[in-house]
Structure formats: C-alpha cells, structure tokens
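To start, the structure itself, in structure tokens.
What you see is a predicted model, and the numbers here were worked out from it, not measured in a lab. A note on names: the letters A, B, ... follow the listed sequences, proteins ahead of strands, and every chain is numbered from 1.
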Number of protein chains: 2
Amino acid sequence: MLPRPPRPQGGTILIPDHIAVPVDGKPIQREDCKIASILARIGDKWSVLIVMLLAGGPRRFSELKRSIDGISQRMLTLNLRGLERDGMVTRTVFPTNPPRVDYELTALGRSLCGPVIALGNWAEEHLPEIERARAGFDARAAG
Amino acid sequence: MLPRPPRPQGGTILIPDHIAVPVDGKPIQREDCKIASILARIGDKWSVLIVMLLAGGPRRFSELKRSIDGISQRMLTLNLRGLERDGMVTRTVFPTNPPRVDYELTALGRSLCGPVIALGNWAEEHLPEIERARAGFDARAAG
DNA sequence: CCGTATCCACTGCGATACTG
DNA sequence: CAGTATCGCAGTGGATACGG
C-alpha cells in the first residue's frame, strides 16, 4: 500500500468534528453521519420548493398544489407529512365544509431557510462554472 | 377561492430573487429552480460524504472505498464521475502498474464545502429538536 | 488496482380512483 | 377540499463477474 499523502496541505478544508470523517483505518458508516437524514430531506424532489413557498407565509394545501407545477397530490401530501414529522411545518385543520388545511413553517422550519438560502446563493454564483464543467466533460466523453 | 393571507407577516423569510418562487397565479416548474440539480447532488446517498473526505486532501480510489463503509465500487465510481462532471473533483491517473487514480477537490469543490458545512452545523444544532419532533409525531400517530 | 457490464431487487413516484 | 388506496413503471443501487 502506497503511503497516504500528508493530511494538511494547500487547500485543505477544516471539517468540524461533528461532521463525521473516518479516523485513520476506521471506515465510516453512512449512519454515523447525523446530517444524512437532513440532507436526504433537502435533496429530495420537492421539499425545498415547498419550504421556500411556505417561507412566504402560511399556505393551504390546494394553494401549494397549484403553485408547484407537476407535483402530484400524493407527493405533496407525503412531503408535507415528512416536513411535519420533522417539525418543520405545522398542519392546521379548519373544521369547515369543505375542509381547509393550512400549512405553516415552524421556527425550526424558518431557521432551516438560512443555510438553504446560503446553498442557493452558492449555486446561483457557481452555476455557470458548473455548466461549463459539465459541457466540457460531456464533450470530452463524446469525442 | 379564499383570499390568500397577506405575504409579509410575522416570521416571513426574505427569499432572494434567484430562488424561484411562483408569482401569483403562475405555477412554478421544478426545472425553474436552478439549484435543483445542485440539491440533488447534495442529497444523494454518498456525494457529501465523499466531498468531506476529499476535503482532507487528495485520496486514491481504494482509499475512499475503504474509508466509506458499505459503498459499492460501482456507486463510488458513479458518484466520483458525477462530481468530476460537475467540476467538483479532478481525476488523475498514474500510469503505474498496478494503476493508481487520485481524486482531489477542485477550487469549486472546496468552495462547496462552505455552505455544506453550514448546513451540517445547522443539522448538528437542531438534531435534538428534530428527533423530539419525530418521536412526538410517531407517538401521536400510534396512539 | 481501477473500472465496466450485467443482472436483479427495491422503491420513488405518477396516474387513477375512491372517501369524509 | 383534502386526503387515502392501489397499481405499475422507471430509475437507483447492490452483488457479482469480468477486462485493462
């Protein structure tokens, strides 16, 4: 086995202790990464979009459904349930007829917007670079 | 149709313009959300873990494989290809025998670590709250 | 050692239909 | 209106085997 390159070197990033990286010789399990389930939420197909919509204030089910083109009723329900379970949104049923259900971001949900928007800003800033990289890679792969 | 609640209100978050939210009446398409493909990378099963490992310096394929418990060779390859395509990592082949391939974060990849670590910090800070919310929700669902 | 190819189980998710 | 139930497909990802 070839010697591992020295750890600290130009451009190395300081990782906070709580973001799991393997100590030498001990493989990391994915479950060790506590943020994995958070990242899964963030990364899934609709959650961020829903959270960003709710950041504008409470919305009812049908409003969200209409606002998000292409989402199925089933997926909207499932996503909202997941967000509710994680404590990100509250679900309020008005006992009217026809029924009306409002969804609203909790304090926790609102606090999530900060890092997510930071990521969005990063994406916005670097999207041209990423698209150039993709185009270059694809061109090289084709040729 | 019931009147939409007023937009600016207590706890409303300011969303930057480039993070797409629907203007009144126009449903948003998921493709409008430019950060969607970024979020998909962030959210997929292994990418963040790989990026965090590479944040410690360049690593060779087999090193990464050993470091991440449970990842298949196939998935490691696919993830690294995806990251390479997006311009996040470079792939360097040493024409030795046996062959050796090093992966290293690009400047772009390193810059991504900032927002990701911010998200990790958020997750670390709020994980207890989330777990409490989940437990409460599950208990209510069961009872 | 590093990667690709093939096969297959699983599941995410859309479509549709049906209830309170 | 706001769900739930069921079905079916397409994509994801693991296991295995093989090639450079």
Side-chain angles (χ1 to χ4, degrees), chain A residues 1-5 27 29-31 36-37 39-50 54 58-85 89-104 137 140-141, chain B residues 1-4 27 29-31 36-37 39-50 54 58-85 89-104 137 141:
Chain A
M1 176 178 159
L2 290 158
R4 163 175 294 190
Q29 326 252 120
R30 190 167 171 274
E31 298 73 46
S37 67
L39 292 174
R41 279 232 91 54
I42 302 296
D44 77 6
K45 211 175 175 186
W46 304 106
S47 289
V48 164
L49 218 45
I50 294 171
L54 292 177
R59 296 284 182 271
R60 50 187 302 187
F61 186 88
S62 52
E63 239 177 333
L64 291 170
K65 175 98 175 64
R66 270 195 311 276
S67 295
I68 306 177
D69 192 86
I71 195 170
S72 63
Q73 193 168 9
R74 171 191 153 85
M75 276 303 102
L76 182 54
T77 302
L78 286 177
N79 273 278
L80 287 169
R81 284 286 176 287
L83 290 170
E84 188 194 0
R85 175 169 186 267
V89 306
T90 57
R91 177 171 176 274
T92 312
V93 182
F94 298 90
T96 56
N97 195 325
R100 168 189 172 143
V101 181
D102 271 21
Y103 292 90
E104 183 171 11
F137 183 94
R140 255 171 284 129
Chain B
M1 174 179 160
L2 291 157
R4 161 173 297 189
Q29 327 253 120
R30 189 163 172 277
E31 298 72 44
S37 67
L39 291 174
R41 276 231 135 318
I42 301 295
D44 78 5
K45 210 176 174 185
W46 304 106
S47 290
V48 165
L49 217 45
I50 293 170
L54 291 177
R59 296 283 181 271
R60 49 187 302 187
F61 186 89
S62 50
E63 238 178 333
L64 291 170
K65 174 99 178 61
R66 271 193 310 276
S67 294
I68 305 176
D69 192 87
I71 196 171
S72 63
Q73 194 169 8
R74 173 190 151 86
M75 277 303 104
L76 182 54
T77 302
L78 286 177
N79 273 278
L80 287 168
R81 283 290 174 287
L83 290 169
E84 188 193 0
R85 177 170 184 266
V89 306
T90 56
R91 176 172 177 274
T92 312
V93 182
F94 298 90
T96 55
N97 196 323
R100 165 187 175 146
V101 181
D102 271 22
Y103 292 90
E104 183 170 13
F137 183 93

Next item on the list: Let me know the distance between CG of B/L76 and P of D/dT16, rounded to the nearest Å.
Entry: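 Going from CG in B/L76 over to P in D/dT16 covers 18 Å.
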For nucleotides 10-14 of chain D, give me every protein contact, N/O to N/O, under 3.5 Å, one pair per line with atom names.
| residue | atom | partner | partner atom | Å |
| --- | --- | --- | --- | --- |
| D/dG13 | N7 | B/R74 | NH2 | 2.8 |
| D/dG14 | OP1 | B/K45 | NZ | 3.0 |
| D/dG14 | OP2 | B/S72 | OG | 3.2 |
| D/dG14 | N7 | B/R74 | NE | 3.4 |

Check: Taking the nucleotide of DNA chain D with the closest heavy atom to each, which residue, B/Q73 or A/T77, is nearer the 5' end?
Finding: A/T77
Pairwise side-chain contact, [X] with [Y], heavy-atom cut-off 4.5 Å (strictly under):
X      : Y     : answer
A/D102 : A/V93 : no
A/L76  : A/F61 : yes
A/R60  : A/F94 : no

Item checked: Sequence-distant partners of B/R85, salt bridge (Lys or Arg N to Asp or Glu O under 4.0 Å), two or more places apart ->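 Scan of B/R85 (salt bridge (Lys or Arg N to Asp or Glu O under 4.0 Å), adjacent residues dropped) gives A/D138.
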Next item on the list: Ignoring backbone atoms, establish whether A/R91 has a side-chain N or O less than 4.0 Å from OP1 or OP2 of D/dA2.
Entry: no
Note to self: Using 0.5 Å steps for rounding, measure from the CD1 atom of B/I50 to the CZ atom of B/R41.
What the structure shows: 9.0 Å
Next item on the list: First locate atom CG of A/N79, then atom CG of A/L49, and finally report the distance between them rounded to the nearest 0.5 Å.
Entry: 10.0 Å
Item checked: Short side-chain to backbone donor-acceptor contact, A/K65 and A/I71, under 3.5 Å -> yes
Next item on the list: May I ask you to say what A/F94 touches in the nucleic acid, namely base, sugar-phosphate or nothing, with a heavy-atom cut-off under 4.0 Å?
Entry: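 Since no nucleic acid heavy atom lies under 4.0 Å of A/F94, the category is nothing.
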Checklist line | Where chain B begins and ends its contact with DNA chain C, read 5' to 3' at 4.0 Å from heavy atoms | finding: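 Taking any atom under 4.0 Å from a heavy atom of chain B, the span is C/dC1 to C/dT6.
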Next item on the list: Please report the C-alpha distance between A/Y103 and A/R59 in whole Å, then the side-chain angles of each, then the deciding distance to 0.1 Å, and finally whether the side-chain hydrogen bond (donor to acceptor under 3.5 Å, both in side chains) criterion is met.
Entry: CA-CA 5 Å; A/Y103 292 90; A/R59 296 284 182 271; over 6 Å; no
